[in-house]
Amino acid sequence: MVGDMRGEISGLSPRLISPHRHPRAMRTHYTAEINPSLDGETVRVCGWVHDIRNLGGIAFLLLRDREGIVQITLIKKEIGKEMFKEITSLPRESVICVEGRVQRSEQARMGVEILPASVKVLNRAKTPLPLGVADRVGAELDTRLDNRFIDLRKPEVLAVFRIRHSLLAGIRDALMREGFIEVHTPKIIATATEGGTNLFPVRYFERDAYLSQSPQLYKQILMAAGFDRVFEVAPAFRAEEHDTSRHLNEFISIDVEMSFTDEEGAMGVLERALVSGIERVLEERERELETLGVQPHLPELPFTRITYDECVDIASRKGVEVEWGEDLSAEALKAVGEEIPTYYFITRWPMECKPFYVLPFEDDPRYGRAFDLMFGDREITSGAQRNHIPDLLRETMVKKGLNPKNFEFYLRAFEYGMPPHAGWAIGLERITMIVAGLKNIREATLFPRDRNRLVP
RNA sequence: GCCCUGGUAGUGUAGCGGCCUAUCAUGCGGGCCUGUCGAGCCCGCGACCCGGGUUCAAAUCCCGGCCAGGGCGCCA
C-alpha cells in the first residue's frame, strides 16, 4: 500500500494552480512531490501519522497525505532525547506538520527521507482508533461505514473516489463537447414522476411533497422549452425497501435529454460518453487502478445492439423461460450476459415492461423505442425515444393505470410545440462499481443511504 | 419484502451445554533496541448484540427484537 503511493500528484489538470502557492499554505509540498532531486532543500509537509517504527536510537515516522507517504527519519542524537520521546510517542493518525531537510537515501524505500528541524503537532488523535488505517487486519463494510471519516483515509478507499471523479469528468466533458447544457431541476416535487417506485414524503410548508426519484419529467419539459440538449448530474431518491449490494436509496443520476433525434441518437451519445469516462480514468488514474488491482475494460464503439426478442431466444435456448412482455429476470440476464461479457444495448422492448413516456414503434406498437445499457448481466442504464404525441401519451398513461390529471403540468408542455426527443439516465455509483471493480455499491458512495443507514 | 447464514476485546477471529478465570492476530499502555520498511523481543490491558425462557449449569440450546453477510424479487 505504501509502495503504491510514490510518484507525482495523481491526475491533476495541467491548468491546476499549485495548491502550495497560496500565501497561507502550511505545506510546501505534498509527500508525493518529495523526490531525490530535492536533496538538501528545506521543505514543509503536513498530514497524518501513518505509522511509527521506533528502533531506540533512531525512529521512522511515516507521514501520509492525500497524495502519498513520506518517511521522516528521527535520530535521537541529533534532535535530542526529549523531542525524540515526544514525537515517537504520538498516537497514530495524529495530524502534524514537519519542516526539515530532504535527504537522498539508499536505505529509504522511496529513495528519499526528511530529517526534521521542527515538528508541529496540530491535532493529537485519541486512542484506540475505532478503525485502523495502517492495521494489518481487515474490517467489515458496516464497521468501515460507521467510521467512514477514518475509512476514507485509506489509500485504496480514496482511490475509488478519485476514479469516480475522473469517470464523471470524462462523461461531463463528452456531453459538453456534444453541445449539452448542464441544468438543475427541482428535487422537491408535488407528484410521482413515473409511478411504480415509492417516493419519500416531505412536508412542504402546509402541503405534502416528495423527494424526486428522477428528473425525467422536467428534462422533457426543457425539450419543449427549446433547450435542445441538456444533462443533469444530481441525486435521485427511491423509497424502495430493497436492501442489496446493488441498491441505494439515494444515488447520483446522470440524466440526458436531446431533441430532434431518436433512441439510436441517444444511444450514440451514451456510448461515446461512457467511453470518454473510461478513457479519462485510464489516463488520470493509473496509480489508483493499480492500488485497487483492477484494469477496466475500454469497450470499442459502437457497442453491440441486440433486441429484447433475441434475448428471450438466447435465454430459452439455455433453458430459461421468459414470458414475452415480462421484464428480463436476473436468470435470463445471466444467460445473455454469458454470451456478451461486455457493454451492449438491449433494444426494442415490449411496451408492457417500460414506462409510459416511451414512444411505441409505428409499425408494431406492442414494441417501444426503449433501450437498456448492460454490462454482462448487470443493467446500468435505461433510455428511450420519448412519446411526444400528447394524445398517444395520455392513452398510454391510462393503459398503465396512471391518472393524466396528476400530470397536467407535464402534459401541457406537449400541447404547444414539443419536438421529438430521446434520452437516458445512468447511475454514477453503478458505473463506478464496474470500473473500480467493487462488490458493494455502498463502497462507491461516500456516505451511503440504504434501508438501515441514515447516519453518518 | 422473502429464504438461508451469522452477531465474542477498538478491529478481525477461535470456541458452539460443565474442561471458559474465553483462543489467536492486530491494536492500545509500558520496557529494550541507530536503518526500519507487515521491524523485532519482553510485560500488561481489553470482549460473549439486546430482552425473555429451558437447565443443577448457557458465549454455546429455544423464542422475540435489532443489526450484518449471501441469494431472490424490484430497480439506475
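FYI, side chains are in, hydrogens and waters are out, and symmetry mates aren't considered; it's all heavy atoms of this structure. Each chain gets a letter, A, B and so on, in the order the sequences are listed, and its residues count up from 1. All of these numbers come straight from a predicted model, not from anything done at the bench.
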May I ask you to verify if any side-chain N or O of A:Asn452 is less than 4.0 angstrom from the OP1 or OP2 atom of B:C66? no
Residues pairing under side chain to side chain donor-acceptor pair (under 3.5 Å) where one sits in residues 431-440 of chain A, two or more places apart or in two chains, turn out to be A:Asn440-A:Arg442
For A:Trp324, is the NZ or CZ atom of A:Arg366 found under 6.0 angstrom from the centre of its six-membered ring and inside 45 degrees of the ring axis? yes
Working to the nearest 0.5 Å, report the span between CG of A:Leu61 and OG1 of A:Thr73. 9.5 Å
What does the list of N/O pairs under 3.5 Å between the protein and nucleotides 23-28 of chain B look like, with a distance for each?
from  : atom 1 : to       : atom 2 : distance (Å)
B:U26 : OP1    : A:Arg136 : NH1    : 3.3
B:U26 : O2'    : A:Asp135 : OD2    : 3.3
B:G27 : OP1    : A:Arg92  : NH2    : 3.4

For residues 345-352 of chain A, please give each side-chain donor-acceptor pair under 3.5 Å, one per line with the distance, not counting sequence neighbours.
from     : atom 1 : to       : atom 2 : distance (Å)
A:Thr347 : OG1    : A:Ile306 : O      : 3.4
A:Trp349 : NE1    : A:Ile346 : O      : 2.9

Distance below 4.0 Å between A:Thr244 side-chain N/O and B:G73 OP1 or OP2: no
Rounded to whole Å, how long is the line connecting atom CD1 of A:Ile254 with atom C1' of B:A76? 11 Å
Please give the distance between the P atoms of B:G51 and B:C41 as a whole number of Å. 41 Å
Base B:C75 paired with A:Arg430 side chain (donor-acceptor, <3.5 Å): yes
Counting only distance, no hydrogens or angles, is the base of B:U11 paired donor-acceptor with the side chain of A:Glu140 under 3.5 Å? no
Within less than 4.0 Å of OP1 or OP2 of B:A76, is there a side-chain N or O belonging to A:Ser253? no
Can a side chain N or O of A:Lys354 be found less than 4.0 Å away from OP1 or OP2 on B:C75? no
